[in-house]
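Nothing fancy with the numbering, it's 1 onward along the sequence. Nothing here was measured: the structure is a model prediction, and the numbers come from that model. First listed ligand is number 1; within each ligand, the first listed atom is number 1.
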Amino acid sequence: MKTSVTGFPRIGALRELKFSIEQYFRLEIKEDQLLKVAKDIRVSQWLLQKECNIDYIASNDFSFYDGVLDMAVLLNVIPDRYKELQLSTLDTYFSMARGYQEKHGDVKALAMKKWFNTNYHYLVPEIEDDTQVKLNGTKIFDEYKEAKDAGVQTKPVMIGPFTFLKLTRYCGVKKAEDYIDAASDSYVEILDKLQELGAEWVQIDEPYLVHDLTNEDVMLFTSLYEKILVSKGNVKVLLQTYFGDIRDCYEQIAALDFDGIGLDFIEGKQTVELIDKYGFPENKILFAGLINGKNIWRNDYKKTLHCLAQLKNVGIETVIGTSCSLLHVPYTLEHEKRLNVHVKEHFAYAYEKLWELSELKKLSELQDAAAEKEYQNNQKLFTGDRKAANPKVHLRIAKIKDSDFIREPAFEQREQIQKKTYQLPLFPTTTIGSFPQTAYVKSKRTAHRKGQISDAEYEAFIKDKIAECIQFQEKIGFDVLVHGEYERNDMVEYFGEQLEGYLFTEKAWVQSYGTRCVKPPVIWGDISRKAPMTVAWSVYAQSFTDKPVKGMLTGPVTILNWSFPREDITHQECAYQIALAIRDEVIDLEQNGIQIIQVDEAALREKLPLRKSEWYSKYLDWAIPAFRLVQSGVKPETQIHTHMCYSEFTDIIPAIDDMDADVITFEASRSDLLILDALKDNHFKTEVGPGVYDIHSPRVPSIPEIIAALEKMAEKVDVDKLWVNPDCGLKTRGTDETEKSLINLVTAATACREKYNK
Ligand code: GLN
Ligand code: ZN
């Protein structure tokens, strides 16, 4: 039995690459210094994998920013606007990643999109009609040689032509099909060169295959690979798939001349079934993705060995590997100094997953006493009690009734009741919640965390900020106010820290895009609320004004989606547990005089299945009810808001309406208000506040600009249902630009009121 790693994280165990790249951006270090840091990271990681007995180690899984961008450059897919800047190769690359606004010109970055169902984001390649797809760079060759020089034979990896062409944006009239020849020729050339350099195996990643595929898609795939495989020479090609199963093309792929096929046994729910049904081709090696590349829990050796034994029984030559690149998990538990050992033993980050692979390799072969001991230790983790269960939570979940998902009375009646209660003008104004988290606010929080200022001092500071924030909103004439969220570090962490069942790590950083990393908290056990979490701040804010102040909570699906989830219970169950905890908070807010409550679901779309055919059955059918469970217990007068951002919503509009909130605000300004048509076509009932300006930039929107946006909205949405608000929270903005923007927003809303109030 051999072992394989699909790809390794690259940002550095202590985010060394991130910090060096940022220094390079600030011109604090030169290119050669950056290259040295990068090389050290690569070499040390290859050697580490070699030490851990990994047989198929990836090279070219490194990136200064993003692997899709690397592939675009390798294939010469570089839009002219970047070439025209006449920068060095590395700076041209960075200009595609982040845009460029300096002495050589002013160009925007390539678009960035979510990488399948992960929280990683890739840059979208752009092909113009005159783009010549051809071999352009040398990165993949250089890194292969570098590894070889360091004494490590690697399998170079690259994004495959099918996935690449499917993810590309076509700016002219040409389409993916027009690039079949050019792309396959380029891949053949790459394979040839790698073979010349001594590569035995090459891994070609085709994650796009796990989508619902059309016949045209399958034809595109086969045309590309028929050409590539005919001329591939002696180098062995591993077709690597991940993030699901390949049920729409399994037979076609099995029939092609690949030497190895990599299948995902973790997220690929039908992978085993497909092998059972169609068999696995005799002359090929199966790279079985059995170690979860996306989560941090230890692998259950019993289950894995059972699966391997079955594959062996039917005579399949199997290599054990990771379900996808380890890019999506943190580096190592070594730096987690604060986690209890009895907690840590349940986790495996990237390094520890290498050990798991090597232990499984031993266990699947001979009797090995040391490995046998590891097996026993491993099984203890799954048979023992890890003190995660809370019987009270289970009881509550068991008692949930169908009626708990339904808010009474129906939306239309509530809407009338609420109109009478609040007497809001047309075009009511509000914000999404947070106000600028200035360096000063953050420094106070840090000082408090480090014990440099007392609880009382910190609380007094936050209270002053709240009072100031309320006064400002009153002064400029907002209708529904917020307290400003000064007390929060992050919309998930803030709640996670106060909920029972959560754990926090010190160094579990995962790359989100470029140099940006996130540190998701871990759902360790059953979730419950220990005490009210936000009530005191909201009540304090409300004490300064007669206008309604919105209570501000994060919804269950977002909390779940931005955490490392448990593997011993379903996501649905976990979401319901969180929903009940947030529900208690909603009721407490209501009982304490907070009349409007916003439950943010910014990340609702994040874990939508890749296959459209499974959107409802595998996800929305519990995610939407989880939200409804949060809010169904309130009085008819209490107005429930929700907020969404970071993604497109046009295709799930009916599901959003079905959340049955009273008002939803969402990000809209960057998508040119395209969402309005979707709202209209779907007879959206919920009142809406499509953001009138982009909060990702410091730019202050002008009054006419906001009026124009509102007029455009009023064409598609009934004015009685329209709210006026920015795209998202203001925490990343500066105070000055925020004040100016909000004043313009209120002025524009007032002008529209006069115009439409006839
Ligand atoms: N209420 C949150 C805020 O304003 C929402 C953040 C978000 O949508 N990402 O910061
Ligand atoms: Zn938002």
Report task. Note the single closest protein heavy atom to atom 3 (C) of ligand 1, along with its residue, its atom name and the distance in Å. Result -> S434 OG, 3.3 Å
Requested in this report: Decide if the gap between the ring center of Y349 and the ring center of F564 is smaller than 6.0 angstrom.
Outcome: no
Query - ligand 1 N/O within reach of E485 N/O, cut-off under 3.5 Å - result: yes
Report summary line: In this structure, atom 1 (N) of ligand 1 is nearest to the protein heavy atom D600 OD2, 2.7 Å
Report summary line: The closest protein heavy-atom partner of atom 6 (C) of ligand 1 is M491 SD, 3.5 Å
Query raised in the report: Out of Q639, K721, K419, which residue meets the side-chain hydrogen bond (donor to acceptor under 3.5 Å, both in side chains) rule with E687?
Result: K419
Report summary line: One should read off an interatomic distance between Y619 OH and N561 CG, to the nearest 0.5 angstrom, of 4.0 Å
**Report entry** Aromatic plane relationship, Y65 with F94 - under 30° parallel, 30 to 60° tilted, over 60° perpendicular
**Finding:** perpendicular
**Report entry** For C728, the ligand 1 atoms whose distance to one of its heavy atoms is below 4.0 Å
**Finding:** 7 (C), 8 (O), 9 (N)
Report task. For the pair F649 and F666, name the ring-plane relationship: parallel under 30°, tilted 30 to 60°, perpendicular over 60°. Result -> tilted
Report summary line: Between H643 atom NE2 and C645 atom SG, the angle centred on the Zn ion (ligand 2) rounds (to 10°) to 110°
Requested in this report: Give a yes or no answer on whether the side chain of Q598 reaches the backbone of I432 with a donor-acceptor pair at less than 3.5 Å.
Outcome: yes
Report task. With heavy atoms of K731 as the reference, note each atom of ligand 1 found under 4.0 Å away. Result -> 10 (O)
Query raised in the report: Taking only heavy atoms of G729, which atoms of ligand 1 are found under 4.0 Å from at least one of them?
Result: 3 (C), 4 (O), 10 (O)
Report task. Give the contacting part of A602 toward ligand 1: side chain, backbone, both or neither, where contact means a heavy-atom distance below 4.0 Å. Result -> side chain
Query raised in the report: So, does E601 use its side chain to make a donor-acceptor pair with the main chain of T558 at under 3.5 Å?
Result: yes
Query raised in the report: Looking at C645, which atoms of ligand 1 are within less than 4.0 Å of one of its heavy atoms?
Result: 7 (C), 8 (O), 9 (N)
Query - Contacting atoms of ligand 1, where contact means under 4.0 angstrom from a heavy atom of G433 - result: 4 (O)
Query - Geometric N/O contact L730 with ligand 1, under 3.5 angstrom - result: no
**Report entry** Ligand-residue contact atoms, ligand 1 with H643, heavy atoms, under 4.0 Å
**Finding:** 8 (O)
**Report entry** Y486 side-chain N/O to V441 backbone N/O, donor-acceptor pair under 3.5 Å
**Finding:** no
Query raised in the report: Got a donor-acceptor contact below 3.5 angstrom from the R566 side chain to the G525 backbone?
Result: yes
